[in-house]
Amino acid sequence: MRGNPSLPALAGLPGIAGIRAEAGTRRSAILVDARPRLAWVDAAKGVGIILVVAGHVLGGLIDADVVPGHDWFRPGLLAIYLFHMPLFFLLSGLFVPARIDRGKGRFLKEVGKGVVWPYFLWGAMQTFVAYLASSYTNIPVHDFWPELGKMFTQPPAQFWFLYGLLLAQLLALIVVPLVGASGFFLLSLALYCLDLNALPAVFDTTSRMLPFFALGIWLGRAPMLMTPAPPVSRLMTLGLAVLALLAIWLSCRLTMAEVDFTDLRTLAITRLAWGWPHALTALLGLSAAMALTFHLPHRLRAVLRYLGSRSMAIFVLHIMVIAGTRIVLVKLFHFDDPVMLAILLTTLGVGAPLLAAEVARRLGWQRILAL
């Protein structure tokens, strides 16, 4: 996927004024760090980070040739990728206006701690682990130091998100004070339409996510949304959920009618999912995911909030957990039941990083480890 270094925690917040007035304890977050935290944003991050792990589990099984060509894994992966990263980018944009208001110096300091440091720390660690296990991984790393040097222009695996988030935040810091949120949104649409294939791939990928990030910035100025309980009715939520499911189903059907999915790899599926024809599907999917968090049962919402608040730890560690476990089970023990592997790896991909984050917290290492 496009890890730790900058995947903000998927993680309430009384509003923009409250953000300025209150200073809570800062916690690394995959999307954005905000004070105080909005419960529904953390819950939405929780939904998102589960989808991130599940998507990487499915992709790993596909690329390792564990799943048959005709199965639900590839369509399932496409369905997840249609909206889960746009969701993260939109959530990441919500608190950018308030952070810009607090000053450029503080903004850059937060970006350095919450995005740049985890990117290089955990991106390098994951690259090193992949180098040690290069004989077994789906994407082997044969030369560690050259691969490490590529991190400045070619993010490893899922860490593209942190790299892209850094680009988006720096661009917003420059442009939003000049032209406002609406102007930044128009700029994001223009960049979305440009052909950036001559640049490193992460720039093109980021340009596909930038409109969602810009939309988040624009929504971050909306008092009705930036409250602990946005006025979204159950009926509206149900309608959004139905529309989102229909749009995802239609996008998958149309894509599969045009492309032979039998031997398609994860990267190719990702590129299909993030094409402009599916922009409306992405918008409906992320809107439904956010709206659902407003009406979840209390206990389920609490679980998702907890996952969202620890999303950075899950993001930076889950690839090493699921890839390592898959290699042991498939290559050493010859366990190749794809459904059982998908369930087990997703559970471990979420649970093991949570355990690591708790150990780091108890030892007082959570800041230096960006967990």
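A 4.5 Å side-chain heavy-atom check between Gln126 and Ile319 finds at least one atom pair inside the cut-off. In this structure, the side chains of Leu173 and Val111 stay at 4.5 Å or more apart for every pair of heavy atoms. The shortest distance between side-chain heavy atoms of Thr270 and Met85 does not fall below 4.5 Å. Side-chain contact check for Trp72 versus Leu58: some heavy-atom pair is nearer than 4.5 Å. By the 4.5 Å heavy-atom criterion applied to side chains, Leu225 and Leu94 are counted as neighbours. Using a 4.5 Å heavy-atom cutoff, the side chains of Leu240 and Met290 are not in contact. Side-chain contact between Val96 and Phe213 is present, with at least one heavy-atom pair separated by less than 4.5 Å. With a 4.5 Å cut-off on side-chain heavy atoms, Thr293 and Val41 do not count as touching.
Leu292 is not connected to Ile248 by any chain of hydrophobic side-chain contacts under 4.5 Å among Ile, Leu, Val, Met, Phe, Trp and Tyr, and they are in different clusters. Hydrophobic clustering keeps Phe333 apart from Val57 (ILVMFWY residues linked when any side-chain heavy atoms are closer than 4.5 Å, directly or through intermediates). Using a 4.5 Å cut-off between side-chain heavy atoms of Ile, Leu, Val, Met, Phe, Trp and Tyr, with links allowed through other members, Val328 and Leu345 fall into different hydrophobic clusters. Leu78 and Trp249 fall into different hydrophobic clusters, defined by Ile, Leu, Val, Met, Phe, Trp and Tyr side-chain heavy atoms under 4.5 Å apart, directly or through other members. Placement of Met125 and Val116 within a single hydrophobic cluster is found when ILVMFWY residues are connected by side-chain heavy-atom separations under 4.5 Å, directly or transitively.
Taking the six-membered ring where the residue is Trp, the centroids of Phe120 and Phe152 are separated by under 6.0 Å.
Remark: the backbone N or O of Met340 is paired with a side-chain donor or acceptor of Asp337 at under 3.5 angstrom. No donor-acceptor pair closer than 3.5 Å links the side chain of Trp276 to the backbone N or O of Cys193. Not a single donor-acceptor pair under 3.5 Å links the side chain of His295 to the backbone N or O of Leu238. Checked by atom type and distance alone, the side chain of Ser309 pairs as donor or acceptor with a backbone atom of Tyr306 at under 3.5 Å. For the pair Arg305 (side chain) and Gly46 (backbone), a donor-acceptor distance under 3.5 Å is absent. A donor-acceptor pair is defined here as one N or O able to donate and one able to accept, closer than 3.5 Å; no such pair exists between the side chain of Trp365 and the backbone of Leu371. Within the 3.5 Å criterion, the main-chain N or O of Asp63 finds a donor-acceptor partner in the side chain of Arg265.
Here Ile322 contributes atom CD1 and Leu317 contributes atom CG; the two are 11.5 Å apart, rounded to the nearest 0.5 Å. Considering NZ of Lys331 and OG of Ser135, their distance stands at 9.0 Å, rounded to 0.5 Å. With rounding to the nearest 0.5 angstrom, the CZ atom of Phe212 is 8.5 Å from the CG atom of Leu90. From Glu110, atom CD reaches atom CD of Gln169 across 9.0 Å, with rounding to the nearest 0.5 Å. To the nearest 0.5 angstrom, Leu348 atom CG is 10.5 Å from Leu341 atom CG. Atom-to-atom distance recorded for Thr206:OG1 and Leu166:CG is 9.5 Å, nearest 0.5 angstrom.
The environment of Phe335 atom CZ is dense: over 12 non-hydrogen atoms of other residues, nucleotides or ligands sit within 6.0 angstrom. Heavy atoms of other residues, nucleotides or ligands lying less than 6.0 angstrom from CG of Leu170 number more than 12.
Residues Asp260 and Leu264 come closest through the heavy atom pair O-CD1, 4.0 Å. Heavy-atom minimum distance, Ala244 versus Ala288: CB-CB, 3.7 Å. Here the closest heavy-atom approach between residue Trp40 and residue Pro228 is recorded as CD1-O, 3.9 Å. In terms of heavy atoms, Arg301 sits closest to Phe294 at NH1-O, 4.3 Å. Annotation for Ser251 and Thr281: closest pair OG-OG1, 2.7 Å, computed over non-hydrogen atoms. Among all heavy-atom pairs drawn from Leu283 and Ser287, the shortest one is O-OG, 2.7 Å.
Under 4.0 Å is where a charged nitrogen must lie from a carboxylate oxygen, and between Asp263 and Arg74 no such pair does. The pair Asp204-Arg271 fails the salt-bridge criterion, with no side-chain N (NZ, NE, NH1 or NH2) lying under 4.0 Å from an Asp/Glu carboxylate O.
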- Item | Phe184 vs Leu210, side-chain contact (heavy atoms from CB on, under 4.5 Å): CA-CA, chis, key distance, verdict | CA-CA 10 Å; Phe184 184 69; Leu210 197 58; 4.1 Å; yes
- Item | Derivation of the side-chain contact (heavy atoms from CB on, under 4.5 Å) call for Leu272 and Glu258 | CA-CA 11 Å; Leu272 290 172; Glu258 296 177 357; over 6 Å; no
- Item | Residue pair Ser182, Phe185: steps toward the side-chain contact (heavy atoms from CB on, under 4.5 Å) verdict | CA-CA 5 Å; Ser182 298; Phe185 180 71; 5.6 Å; no
- Message: For Leu284 and Leu280: C-alpha separation, side-chain torsions, deciding distance, then whether side-chain contact (heavy atoms from CB on, under 4.5 Å) applies.
- Response: CA-CA 6 Å; Leu284 287 170; Leu280 179 59; 4.2 Å; yes
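In this pair, Phe144 and Tyr131 present their aromatic rings tilted. The plane angle is within the 30 to 60° band.
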